[in-house]
There are 2 protein chains.
Amino acid sequence: MAHTVQNLYRAGMPRPREFDENRVLLAIRDEFWDKGYAATSMDDLLRVSGLGKGSLYGAFGDKRSLFLRVLRDYDDANLLVLRERLVSAARGIDVVREFVLGLTGDPTGAVARRGCLLANSNAELAASTPDVAAEARRSYDAIATVLTAALERARSEGALDPGIDPSETARAALVAQLGLIALGRTGMDIGALTVMAQSALARLLPTPAQ
Amino acid sequence: MAHTVQNLYRAGMPRPREFDENRVLLAIRDEFWDKGYAATSMDDLLRVSGLGKGSLYGAFGDKRSLFLRVLRDYDDANLLVLRERLVSAARGIDVVREFVLGLTGDPTGAVARRGCLLANSNAELAASTPDVAAEARRSYDAIATVLTAALERARSEGALDPGIDPSETARAALVAQLGLIALGRTGMDIGALTVMAQSALARLLPTPAQ
DNA sequence: TCCATTGTGGCCCATACGGTCCAGAACTTG
DNA sequence: CAAGTTCTGGACCGTATGGGCCACAATGGA
């Protein structure tokens with residue numbers, strides 16, 4: 001109530017943060033992404049964030065909490081981008097195309113080699129950290145939902161064979177993308193990966209929207 | 001030459017090993033499989049192997065060498081099983097079916113949750129350990145080759161639509177299996193995973209045998 | 001101007017890590 | 001039985017880990 005707020009501010013205001021929280025979280029995300037969870041030390045995180053231990057622990061808690069925070073932010077951002085694409089895309093089917101071909105956009109293969117923070121983390125930690133597995137389930141389910149909506153829109157736009165089930169196809173697209181992510185992480189030739197992605201897409205959407 | 005052998009055996013024969021090398025390697029493989037590379041300590045390995053430090057280091061070298069040895073053995077064994085299936089299978093297409101549906105064979109979902117040692121290791125270590133990425137490329141390429149042979153046999157057995165390219169389809173089957181492995185590791189409902197695997201298979205082999 | 005509060009960064013610690021080394025045991029050969 | 005060679009398990013080491021702690025700085029309200 002009101003007097004509580006009064007009490008909270010009875011004394012002086014705290015010293016404000018000197019660092020940009022978002023910038024720090026992105027730097028830490030990149031470090032976890034490049035090295036994996038276990039192979040990243042707190043020293044690494046202090047270095048890339050430029051903070052001292054007190055600040056980092058005070059702001060985000062221990063390594064595990066920090067990692068989960070970063071992972072959730074990453075998932076949320078990815079989902080947001082996907083949903084926005086569905087809103088802004090000219091055709092629903094383009095969303096699915098972009099989704100499956102995403103990794104092959106970078107001709108150097110660096111993006112493919114890096115893979116997906118969620119996929120990497122799930123493979124490394126799902127067995128020992130139930131929170132990570134749960135986060136992966138949540139995220140993949142949400143992605144399938146958005147892809148289903150995209151395919152339903154594609155159907156209403158006449159870009160999809162009516163015999164194709166949007167929900168089932170959305171899940172197949174997710175499976176394909178996860179497989180391509182796994183293959184891309186091996187560092188295989190990006191040209192070969194691109195061919196496989198296009199082939200997978202042709203199988204998923206037998207009526208190409210051109 | 002001959003006198004070298006004489007020299008080697010001039011003195012007494014060494015004390016023989018007290019442990020079963022294969023049993024030890026399997027126990028260590030399981031530990032790496034369950035926990036991942038970084039999260040497995042040498043103490044863990046000593047415990048599950050039942051050996052002392054001197055024995056383990058003497059027999060296999062350091063942790064990294066031991067891991068690579070175990071990973072290669074795992075891959076070789078998997079490839080051997082796949083090749084033997086192709087030889088013994090009634091129909092070539094059955095090999096591909098088994099390959100894609102493999103994870104869903106265990107109704108408890110434990111197999112799916114555990115995933116594949118190679119896929120897990122590649123996701124965790126590909127960026128920092130080129131040997132692991134190279135091993136994954138080698139293994140996936142070999143798998144694709146066997147699956148291609150299986151599909152060529154299926155074609156000659158009339159179980160495959162002639163318009164389907166064996167090599168391309170084999171790679172698509174690999175992509176699908178890797179995607180299913182990634183999803184299975186999230187711990188998602190095994191029933192839903194099974195549906196997705198069957199759906200993926202139906203897309204891969206539009207002329208179902210049986 | 002002083003005070004209460006929180007940010008800040010580095011010092012410090014216990015521990016667990018991977019790896020080396022060694023003293024003794026086990027075994028075959030001469 | 002003696003010698004030579006390897007196996008065995010544990011003691012030991014240096015290091016780096018994740019994390020706690022604290023003295024000081026900075027801030028805005030009273």
Side-chain angles (χ1 to χ4, degrees), chain A residues 2-25 27-28 31-32 35-70 124-125 128-129 131-132, chain B residues 2-25 27-28 31-32 35-70 124-125 128-129 131-132:
Chain A
H3 74 279
T4 305
V5 173
Q6 259 188 344
N7 284 344
L8 278 175
Y9 286 90
R10 192 160 34 100
M13 285 291 284
R15 169 181 176 184
R17 288 245 167 92
E18 285 183 5
F19 61 90
D20 178 350
E21 180 169 306
N22 208 263
R23 190 194 55 76
V24 164
L25 285 174
I28 284 174
E31 195 68 8
F32 277 131
K35 297 196 173 184
Y37 175 77
T40 301
S41 71
M42 287 305 294
D43 268 356
D44 291 332
L45 298 179
L46 295 177
R47 185 174 40 78
V48 300
S49 69
L51 298 186
K53 265 196 171 169
S55 308
L56 201 60
Y57 273 84
F60 307 108
D62 63 10
K63 184 184 175 186
R64 178 195 156 99
S65 308
L66 183 48
F67 176 76
L68 289 175
R69 162 71 182 273
V70 159
E124 179 184 353
L125 302 170
S128 59
T129 313
D131 286 351
V132 171
Chain B
H3 73 279
T4 304
V5 172
Q6 259 188 344
N7 284 343
L8 279 175
Y9 287 89
R10 192 160 34 100
M13 284 292 283
R15 169 181 176 182
R17 288 245 167 91
E18 285 184 5
F19 62 90
D20 178 349
E21 180 169 307
N22 208 262
R23 189 193 57 75
V24 164
L25 285 174
I28 284 174
E31 194 69 7
F32 277 131
K35 297 196 174 184
Y37 176 76
T40 300
S41 71
M42 288 304 293
D43 269 355
D44 291 333
L45 299 179
L46 295 177
R47 184 174 39 80
V48 300
S49 69
L51 298 186
K53 268 197 169 169
S55 307
L56 200 60
Y57 273 83
F60 307 108
D62 62 9
K63 184 184 175 186
R64 180 194 154 100
S65 308
L66 183 48
F67 176 76
L68 289 175
R69 163 70 183 274
V70 158
E124 179 184 353
L125 303 170
S128 58
T129 314
D131 286 352
V132 170

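The chains referred to below are lettered A, B, ... by the order of the sequence lines, with proteins before strands, and numbering in each begins at 1.
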### Query
Which whole-number value in Å describes the distance from L46(A) CG to dG20(D) C1'?
14 Å
#### Entry: Residues which pass side-chain hydrogen bond (donor to acceptor under 3.5 Å, both in side chains) with R64(B), listed by chain and number, not counting sequence neighbours
D131(B)
### Task
Starting from C1' on dA16(D), measure out to CG on L45(A) and report it in whole angstrom.
14 Å
### Message
Do the side chains of K35(A) and E124(A) get close enough for a salt bridge, i.e. N-O under 4.0 angstrom?
### Response
no
### Message
Can you measure R47(B) atom CZ to dG10(D) atom P for me and round it to whole angstrom units?
### Response
15 Å
### Message
Rounded at 0.5 Å granularity, tell me how far CG in L45(A) sits from CZ in F60(A).
### Response
11.0 Å
#### Entry: Approximate separation, where rounding is to 0.5 Å, of E21(A) CD and R69(A) CZ
5.0 Å
### Query
Hey, does the side chain of S55(B) come within less than 4.0 Å of dC7(D)'s phosphate (OP1/OP2), counting only N and O?
no
### Task
Check the distance between dT6(C)'s P and L56(A)'s CG and give it to me in whole angstrom.
19 Å
Could I get a table of every N or O pair under 3.5 Å where one atom is in the protein and the other is in nucleotides 16-21 of chain C?
unit_1, atom_1, unit_2, atom_2, d
dG18(C), OP1, T40(B), O, 3.4
dG18(C), OP1, K63(B), NZ, 2.9
dG18(C), OP2, M42(B), N, 2.7
dG19(C), OP2, Y57(B), OH, 3.2
dG19(C), OP2, K63(B), N, 3.1
dG19(C), N7, K53(B), NZ, 2.7
dG19(C), O6, K53(B), NZ, 2.1

### Query
Under the 6.0 Å and 45° cation-pi test, does K63(A) pair with Y37(A)?
yes
### Query
Do T40(B) and I28(B) come close enough that some side-chain heavy atom pair is under 4.5 Å?
no
